[in-house]
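Quick notes on the structure that follows.
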Amino acid sequence: MALIEPEEFRLNKLRELRRLGVDPYGREFPGARPLGELVERFEKLQGETIRTAGRITNKRDMGRASFMDIKDWTGSIQVFFQQKRLGDEKFTIHQQLDAGDIIGVEGELALTRTGEKTIFVGEFTVLAKALLNPPEKWHGLRDQEMRYRHRSLDLFSNDEVLQTFLKRSLIIRAVREFLQERGFVEVETPMMQTVAGGAAARPFRTHHNALDIPLYLRIAPELYLKRLLAGGMEKVFEINRNFRNEGISSQHNPEFTMLEVYEAYGSYETMMELTQELVCHAARRACGSLEVPRGETEIDLTPPWPRRPFWELMEQHLGLRRGEEEAIRHMAEETQTQGARTEHPDLLAYRLFEKQVEDNLQDPVFVIEYPKSISPLAKAKKGDPEVAERFELYMAGMELAPAYTELNDPLEQERRFLEQVGTEEERQQIDREFVQALGWGMPPAGGLGLGIDRLVMVLTNRPSIRDVILFPLLRPPEGA
RNA sequence: GAGGGCGUAGCUCAGUUAGGCAGAGCAACGGACUUUUAAUCCGUAGGUCCUGGGUUCGAUCCCCAGCGCCCUCACCA
């Protein structure tokens with residue numbers, strides 16, 4: 001079975017190139033200058049012989065001469081082929097080129113009669129003959145499914161897609177840089193775990209043949225990073241993938257990138273400071289501003305960000321107060337929230353918050369003082385044993401980050417694991433070795449988890465997580 | 001998992017008032033053109049109208065089932 005169906009006219013040109021003794025799939029082409037630089041520094045470079053390479057995006061054939069636009073990931077420029085200049089043989093080779101092909105060129109950089117910055121080609125090399133047509137030059141590639149399934153097409157035909165992913169890389173670099181400058185050490189902990197702990201989510205299961213044991217893809221690195229704290233690594237972070245076997249939506253992909261940070265002797269208070277500075281640093285690097293556009297409006301990241309107790313927002317938006325079990329159950333029923341009659345009211349309140357309050361939180365806000373019963377890994381608040389020292393950072397109507405003052409009392413941790421509310425699937429798996437590590441002593445600490453994909457969504461003004469993940473999970477096409 | 005929307009040429013999209021020969025632009029092919037800018041002009045070709053059933057003299061269109069993508073909800077971060 002043929003894997004692709006090449007265009008007949010392109011195959012013909014491929015054969016013609018070979019007949020002319022030209023390899024349609026060239027090799028290394030050293031010394032190519034970025035096209036963006038040629039355009040930006042044109043005044044200086046004008047008149048020089050330039051060597052560069054790119055993909056043909058457009059061809060304007062004039063008979064004994066032709067113009068093409070070529071682009072690379074920095075920009076695009078016009079190139080000009082003339083029979084007079086190239087000679088018959090090279091000109092015939094040039095006639096085998098089409099939009100989508102990748103070529104290397106060498107020639108004088110100058111202005112045309114109409115004032116367009118142009119390379120007047122003297123030599124050129126065919127680097128890759130495309131056998132499939134690129135998307136239409138004017139409208140580009142619009143079809144969502146094609147864009148996600150064939151990201152290579154999406155990247156070279158929709159410039160803002162490339163820019164988004166370049167920015168993603170910049171953001172992650174800024175995050176690393178920020179933490180490393182403050183003395184945090186980057187570590188890697190297991191992606192495959194025998195107990196999938198550290199969060200409440202359904203894991204992916206797999207199996208190790210040699211050991212003949214079940215394994216889980218991790219849902220969070222938290223319990224391993226805290227083992228490192230217990231071992232004396234005082235400031236650690238990890239940027240890596242988590243896997244959760246849950247639904248897919250514009251805010252959820254089964255694998256997503258998480259930053260987790262732990263600081264010995266810190267607390268959720270120190271994590272708030274750190275988070276605020278970290279996000280602002282990334283925003284300045286990626287956007288050059290703390291006011292970032294969001295759809296029709298914009299989000300103001302200027303610190304300090306307000307801190308609002310969970311129950312204060314619940315009362316403001318929903319009129320619900322802590323301890324009003326019947327009122328909470330009633331609203332949960334009205335909004336068809338799962339477990340309205342059976343679940344713990346704190347859990348219902350948390351679900352109502354996500355359902356009814358979250359969308360209102362556009363500018364950044366630290367929601368603080370969550371119920372302890374739904375925070376099994378967080379230390380209780382001094383003077384209020386029912387409240388956890390936990391915050392969640394919200395912006396753009398999304399939860400970006402949770403953070404805790406980490407619980408370091410092993411007996412209390414054991415109790416809290418056993419007392420968790422919710423159904424079996426929602427409760428965290430109990431990691432015995434982690435509790436043992438606490439038993440040998442872990443310093444009090446602040447811990448943060450920040451969803452990198454969602455941060456990128458905010459800083460690049462993208463509405464869907466699929467726009468910031470290069471290859472989001474899709475159902476495989478029929479026949480695959 | 002539930003509801004809604006969409007699926008037509010390589011790409012972007014029309015279209016079927018109310019069932020009656022399948023359309024445009026771009027890309028392609030042949031021709032003209034040695035400074036064009038979505039080049040232009042003349043000509044040509046291009047289809048599983050998502051898939052499978054049903055109704056009908058006749059279905060791309062109506063009905064049923066299925067598949068995929070998008071949106072909303074549920075689950076979750």
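Throughout, a chain's letter reflects where its sequence line sits, starting with A, and its residues are numbered from 1.
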Aromatic ring proximity A:Tyr268/A:Tyr404, centre distance under 6.0 Å: no
Aromatic-base stack, A:Phe67 on B:rA39, cutoff 5.5 Å, angle under 30: no
Positions of residues 448-466 of chain A (non-hydrogen atom under 4.0 Å from RNA chain B), listed by number: A:Arg454, A:Arg466
Within residues 97-110 of chain A: residues closer than 4.0 Å to RNA chain B (heavy atoms): none
Over 12 non-hydrogen atoms of neighbours within 6.0 angstrom of CD in A:Glu334: yes
A:Gln95 atom CD, over 12 foreign heavy atoms within 6.0 Å: yes
Just call it for [X]: base, sugar-phosphate, or nothing, with non-hydrogen atoms closer than 4.0 Å on any strand.
| X | value |
| --- | --- |
| A:Met146 | sugar-phosphate |
| A:Glu8 | nothing |
| A:Leu474 | sugar-phosphate |
| A:Phe120 | base |

Whole-Å gap separating [atom2] ([N]) and [atom1] ([X]):
| X | N | atom1 | atom2 | value |
| --- | --- | --- | --- | --- |
| A:Gln356 | B:rC73 | CD | P | 10 Å |
| A:Asn12 | B:rG30 | CG | C1' | 14 Å |
| A:Tyr350 | B:rA74 | OH | P | 14 Å |
| A:Ile248 | B:rU72 | CD1 | P | 15 Å |
| A:Gln251 | B:rC70 | CD | C1' | 16 Å |
| A:Arg149 | B:rC69 | CZ | C1' | 8 Å |
| A:Asp467 | B:rC71 | CG | C1' | 14 Å |
| A:Leu111 | B:rU35 | CG | C1' | 12 Å |

Rounded [atom1] spacing from [N] to [M] in Å:
| N | M | atom1 | result |
| --- | --- | --- | --- |
| B:rC6 | B:rG15 | C1' | 16 Å |
| B:rC42 | B:rC33 | C1' | 12 Å |
| B:rU51 | B:rA59 | P | 15 Å |
| B:rA39 | B:rA45 | P | 25 Å |
| B:rA22 | B:rC26 | P | 24 Å |
| B:rA65 | B:rC57 | P | 24 Å |
| B:rG47 | B:rG10 | C1' | 12 Å |
| B:rC21 | B:rU16 | P | 13 Å |

Return the nucleotide paired to [N]: Watson-Crick means purine N1 to pyrimidine N3 with N6-O4 or O6-N4, wobble means G-U with N1-O2 and O6-N3, both under 3.5 Å.
| N | result |
| --- | --- |
| B:rC73 | B:rG1 |
| B:rA45 | none |
| B:rC33 | none |
| B:rA38 | none |
| B:rG25 | B:rC11 |
| B:rC62 | B:rG54 |

Can you tell which of [options] lies closest to the side chain of [X]?
| X | options | value |
| --- | --- | --- |
| A:Lys59 | B:rU34, B:rC73, B:rA28 | B:rA28 |
| A:Phe9 | B:rC29, B:rC70, B:rA77 | B:rC29 |
| A:Arg64 | B:rU34, B:rG10, B:rC75 | B:rU34 |
| A:Thr112 | B:rU35, B:rC33, B:rA77 | B:rU35 |
| A:Tyr148 | B:rU35, B:rC70, B:rA27 | B:rC70 |

Lys/Arg cation over aromatic [Y]: [X], 6.0 Å, 45° cone:
| X | Y | value |
| --- | --- | --- |
| A:Arg85 | A:Phe120 | no |
| A:Arg241 | A:Phe204 | no |
| A:Arg168 | A:Phe165 | no |

Aromatic plane relationship, A:His281 with A:Phe178 - under 30° parallel, 30 to 60° tilted, over 60° perpendicular: tilted
Parallel, tilted or perpendicular: rings of A:Phe366 and A:Phe391 (30°, 60°): perpendicular
[N] phosphate, OP1 or OP2, under 4.0 Å from [X] side-chain N/O:
| X | N | value |
| --- | --- | --- |
| A:Lys137 | B:rA39 | yes |
| A:Lys13 | B:rC29 | yes |
| A:Arg142 | B:rC11 | no |
| A:Arg60 | B:rU36 | no |

Looking at [N], does its base get a donor-acceptor pair with the side chain of [X] below 3.5 Å?
| X | N | result |
| --- | --- | --- |
| A:Gln82 | B:rU34 | yes |
| A:Glu136 | B:rG25 | yes |
| A:Thr114 | B:rU37 | yes |
| A:Glu116 | B:rU36 | no |

Any donor-acceptor N or O pair under 3.5 Å, side chains A:Tyr148, A:Asp467: yes
A:Glu238 and A:Thr189 side chains, donor-acceptor separation under 3.5 Å: yes
Residue among A:Lys137, A:Arg60, A:Lys117, A:Lys59 satisfying salt bridge (Lys or Arg N to Asp or Glu O under 4.0 Å) with A:Asp69: A:Arg60
Pairwise 5' ranking along RNA chain B for A:Asp143 and A:Asp69, keeping only the more 5' one: A:Asp143
Given RNA chain B, 5'-ward residue of the pair A:Phe80 and A:Asp61, judged by closest heavy atom: A:Phe80
Non-hydrogen atoms of A:Lys129 and A:Asp98 that approach each other most closely: NZ-OD2, 2.7 Å
Reported CE-to-CG distance for the pair A:Met398 and A:Leu393, which is rounded to 0.5 angstrom: 10.0 Å
Stepwise salt bridge (Lys or Arg N to Asp or Glu O under 4.0 Å) check, A:Glu16 with A:Arg19: CA-CA 5 Å; A:Glu16 182 63 10; A:Arg19 199 187 63 77; 3.0 Å; yes
